[in-house]
Amino acid sequence: MKKTLIALSVAAVAATSANAAVVYDQDGAKVEVGGSLRVLLSKDSGERADLKNKGSRLVVKGSQDLGSGLSALANIEFRFEKDNENGFDNVETKRLYAGFKQDGVGTITFGRQLTNLDDVGLSDYTYDLGGVNQTQTSANKSVKFRSAEWSGFSFGLDYMFGEADKDEYNNKAGWGAALFYTADLAANTQLNLNGGFSQVKSNNVAEHKENAFTVGSELVVDKFAIAVDYSQNKSTNGVDSITYRSMSNSTVSELPFNKKREIGLGLKYQYLDNASVYGQYIWGRADQVDLKKAANLRAWIVGADYKLHKNVITYVEGGSFKAKYNAEIGGGKDTDNYAGVGLRVFF
């Protein structure tokens, strides 16, 4: 059952881990090297057709057995693009962290890393376009604890460091918490329930905090999966600071909002061992401080993938995002359409 779930939900991540080459393994010390090359030929609204680098990476992992189920670990991930610009000519340190793992207890890490909240959303089966999770999913400087699983339950805690200078606003400082549950309901049937909350300081418009949460549920029956997520993000101090909806590297609406809510419904069917089709539909609404229902969003995404080899994935994906505005802020609508063909080669 778990193998089926991995194939449906995290095939690309699993491939990266499984294909890593062990370059050193002696006296309890292990070093693994892996990664992937990810290219995309796409056409977005307002752009010519373009060839893009979509997160190609080189990952080096190290671990040292300390005895009694305790181990030290380290991780470095280089991306061959800078600030998600989709180019082919820059190198960026995307992840850099180290920590400890105790069997049966959990893992604690320190550094530049994904937060536990990155795992909360369940309805996004896409490669490039989907997802409604608005919590803080990564941090430049953080402490992260992820518990071991007990009877299907696990949890995660994150603390994010901000500005070190006491004379400056503590921008990007915050915390997060997440809860996860997995249950086998029957043969080849699994239920997943996730939830998470984050609070992060920001001064992108004025000094304020952004409070966000996401809850999700997923039912996996053999090779079919269906999931629903609800996510909400709200700025404090009466500030309009939240961009409505980002899709790929473009933004449907440039208007700032105070509160944003989205629901994502995702479906995936693996009709062959090496091929699947998937989709997501998104409903959204955004409010400004002085105007409720300032904008509405409707979006759809569909795609299909095919594995030429366990290390080689091809896919085609397209979608449309539409934001419609309240007449009190000028009315009208913005639309962003997208189509792309991608290739990922893991090593």
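Residue numbers count from 1 along this sequence.
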Exercise. Which residue, K293, R261, K259, forms the salt bridge (charged side-chain N to carboxylate O under 4.0 Å, His left out) with D287?
Worked result: R261

Exercise. Are the charged groups of R79 and E77 less than 4.0 angstrom apart, N to O?
Worked result: yes

Exercise. Got K172 and K141 here, is their nearest side-chain heavy-atom distance under 4.5 Å?
Worked result: no

For this session: Mind checking salt bridge (Lys or Arg N to Asp or Glu O under 4.0 Å) for D118 and listing every partner two or more places apart, or none if nothing turns up?
Result: none

For this session: Enter the distance from L297:CG to I282:CD1 here, rounded to the nearest 0.5 Å.
Result: 7.0 Å

Seminar exercise, completed: The salt bridge (Lys or Arg N to Asp or Glu O under 4.0 Å) partners of D273 (sequence neighbours excluded) come to K223

Exercise. Any donor and acceptor pair, going by atom type alone, linking the side chain of E317 with main-chain N or O of L129 inside 3.5 Å?
Worked result: yes

For this session: Keeping the roles fixed (side chain from S231, backbone from Q134), state whether a donor-acceptor pair exists under 3.5 Å.
Result: yes

For this session: Give the C-alpha distance, both sets of side-chain angles, the deciding distance and a yes or no for side-chain contact (heavy atoms from CB on, under 4.5 Å) between F80 and D89.
Result: CA-CA 7 Å; F80 298 93; D89 55 355; over 6 Å; no

Exercise. Is the backbone N or O of G67 less than 3.5 Å from a side-chain atom of D65, with the two atoms forming a donor-acceptor pair by type?
Worked result: yes

Exercise. Are the side chains of W150 and F155 in touch, meaning some heavy atoms are under 4.5 Å apart?
Worked result: yes

Problem set entry | T182 and L191, any side-chain heavy atoms less than 4.5 Å apart | no

For this session: State whether K307 and D305 are salt-bridged, where the test is any N-O pair (Lys NZ or Arg NE/NH1/NH2 against Asp/Glu carboxylate O) under 4.0 Å.
Result: no

Exercise. Between CD of E47 and OH of Y338, what distance do you get to the nearest 0.5 Å?
Worked result: 10.0 Å

Exercise. Can you find a side-chain donor-acceptor pair between R285 and N296 that sits under 3.5 Å?
Worked result: no

Exercise. Is E328 salt-bridged to K292, cutoff N-O under 4.0 Å?
Worked result: no

Show which side-chain atoms of residues 159-167 pair as donor or acceptor with protein atoms under 3.5 Å away, not counting sequence neighbours.
unit_1, atom_1, unit_2, atom_2, d
E163, OE2, D165, N, 3.2
D165, OD1, D167, N, 2.9

Exercise. Do Q280 and Y278 have side-chain N/O donor and acceptor atoms under 3.5 Å apart?
Worked result: no

Exercise. When rounded to the nearest 0.5 angstrom, what distance separates CG in L96 from CG in N75?
Worked result: 8.5 Å

Exercise. How far apart are the closest heavy atoms of A178 and L117, and which atoms are they?
Worked result: CB-CD2, 4.2 Å

Problem set entry | Nearest atoms (heavy-atom pairs only) where V239 meets A206 | CG2-CB, 4.3 Å

For this session: Take W300 and F321, measure what ring-ring contact (aromatic ring centres under 6.0 Å, His included) needs, and give me the verdict at the end.
Result: CA-CA 7 Å; W300 57 266; F321 292 72; 8.9 Å; no

Exercise. If only atom types and distance count, is the side chain of N53 paired as donor or acceptor with the main-chain N or O of G87 below 3.5 Å?
Worked result: yes

For this session: State the CZ-CG distance between F78 and L58, to the nearest 0.5 angstrom.
Result: 7.0 Å

For this session: Would you please say whether a donor-acceptor pair under 3.5 Å links the side chains of N258 and S235?
Result: no

Problem set entry | Matching residue for F180 among L193, N192, V120 - test: side-chain contact (heavy atoms from CB on, under 4.5 Å) | V120

Problem set entry | Separation of T314 OG1 from Y306 OH (nearest 0.5 Å) | 8.0 Å

Problem set entry | Residue pair T335 / S320: nearest heavy atoms and the distance that separates them | CG2-OG, 4.1 Å

For this session: Go through the steps to decide whether D119 and R146 satisfy the test salt bridge (Lys or Arg N to Asp or Glu O under 4.0 Å), and finish with yes or no.
Result: CA-CA 11 Å; D119 297 326; R146 183 66 168 262; 2.9 Å; yes

Problem set entry | Test item: L343 and V312 side chains (from C-beta on) under 4.5 Å apart, heavy atoms | yes

For this session: Please check if any side-chain donor atom of D240 sits under 3.5 Å from a side-chain acceptor atom of Q288, or the reverse.
Result: no

Exercise. Got a sec, which residues hit salt bridge (Lys or Arg N to Asp or Glu O under 4.0 Å) with E210, two or more places apart in sequence or on another chain?
Worked result: none

Problem set entry | Aromatic ring pairing Y127/Y315, orientation class (parallel under 30°, perpendicular over 60°, tilted between) | parallel

Problem set entry | ILVMFWY network linking L308 to V39, side-chain heavy atoms under 4.5 angstrom | yes

Exercise. If you measure from OG on S71 to NZ on K30, what distance do you get to the nearest 0.5 Å?
Worked result: 10.5 Å

Exercise. Is the closest basic N to carboxylate O distance between D336 and K322 below 4.0 Å?
Worked result: no

For this session: Identify the two heavy atoms, one from D124 and one from G131, that lie closest to each other, and give their separation to 0.1 Å.
Result: CG-N, 3.5 Å

Exercise. What pairs meet the salt bridge (charged side-chain N to carboxylate O under 4.0 Å, His left out) rule with one or both residues in residues 96-113, with sequence neighbours excluded?
Worked result: E92-R112

Exercise. Checking N326 side chain against A295 main chain: does a donor-acceptor pair fall under 3.5 Å?
Worked result: no

Problem set entry | From CA spacing to verdict: side-chain hydrogen bond (donor to acceptor under 3.5 Å, both in side chains), Q113, S142 | CA-CA 7 Å; Q113 57 192 320; S142 73; 3.2 Å; yes

Problem set entry | Donor + acceptor pair across side chains of Y325, D334 (<3.5 Å) | yes

Seminar exercise, completed: Result for side chain to side chain donor-acceptor pair (under 3.5 Å) between N133 and one of D229, N233, T214 points to T214

Problem set entry | Side chain to side chain, S147 and S154, heavy atoms closer than 4.5 Å | yes

For this session: Mark yes or no for whether W175, through its side chain, and V200, through its backbone, hold a donor-acceptor pair below 3.5 Å.
Result: no

For this session: Please collect all salt bridge (charged side-chain N to carboxylate O under 4.0 Å, His left out) contacts where either partner lies in residues 188-209, sequence neighbours excluded, each pair once.
Result: none

For this session: Taking the side chain as every heavy atom from C-beta outward, state whether R38 and F346 have any pair of such atoms under 4.5 Å apart.
Result: yes

Problem set entry | Non-hydrogen atoms of F257 and A294 that approach each other most closely | CE2-CB, 3.7 Å

Problem set entry | Donor-acceptor under 3.5 Å (S45 side chain, N337 main chain) | yes

Exercise. Between D128 and R344, is the closest basic N to carboxylate O distance under 4.0 Å?
Worked result: yes

Exercise. Going by heavy atoms in the side chains, are I263 and V228 under 4.5 Å from each other?
Worked result: yes

Exercise. Applying the 4.5 Å side-chain criterion to the ILVMFWY set and letting contacts propagate, would L272 and V302 be lumped into a single cluster?
Worked result: yes

Problem set entry | Residue pair E218 / Y125, side-chain donor-acceptor N/O under 3.5 Å | yes

Exercise. Are Y281 and L267 side-chain neighbours, meaning at least one heavy-atom pair lies under 4.5 Å?
Worked result: no

Problem set entry | Backbone N/O of F145 and side chain of N116: donor-acceptor pair under 3.5 Å | yes

For this session: Return the minimal non-hydrogen interatomic distance between Q64 and D27, and the atom names on each side.
Result: NE2-O, 3.3 Å

Exercise. Are I108 and L70 co-members of a hydrophobic cluster defined by side-chain heavy atoms under 4.5 Å apart?
Worked result: yes

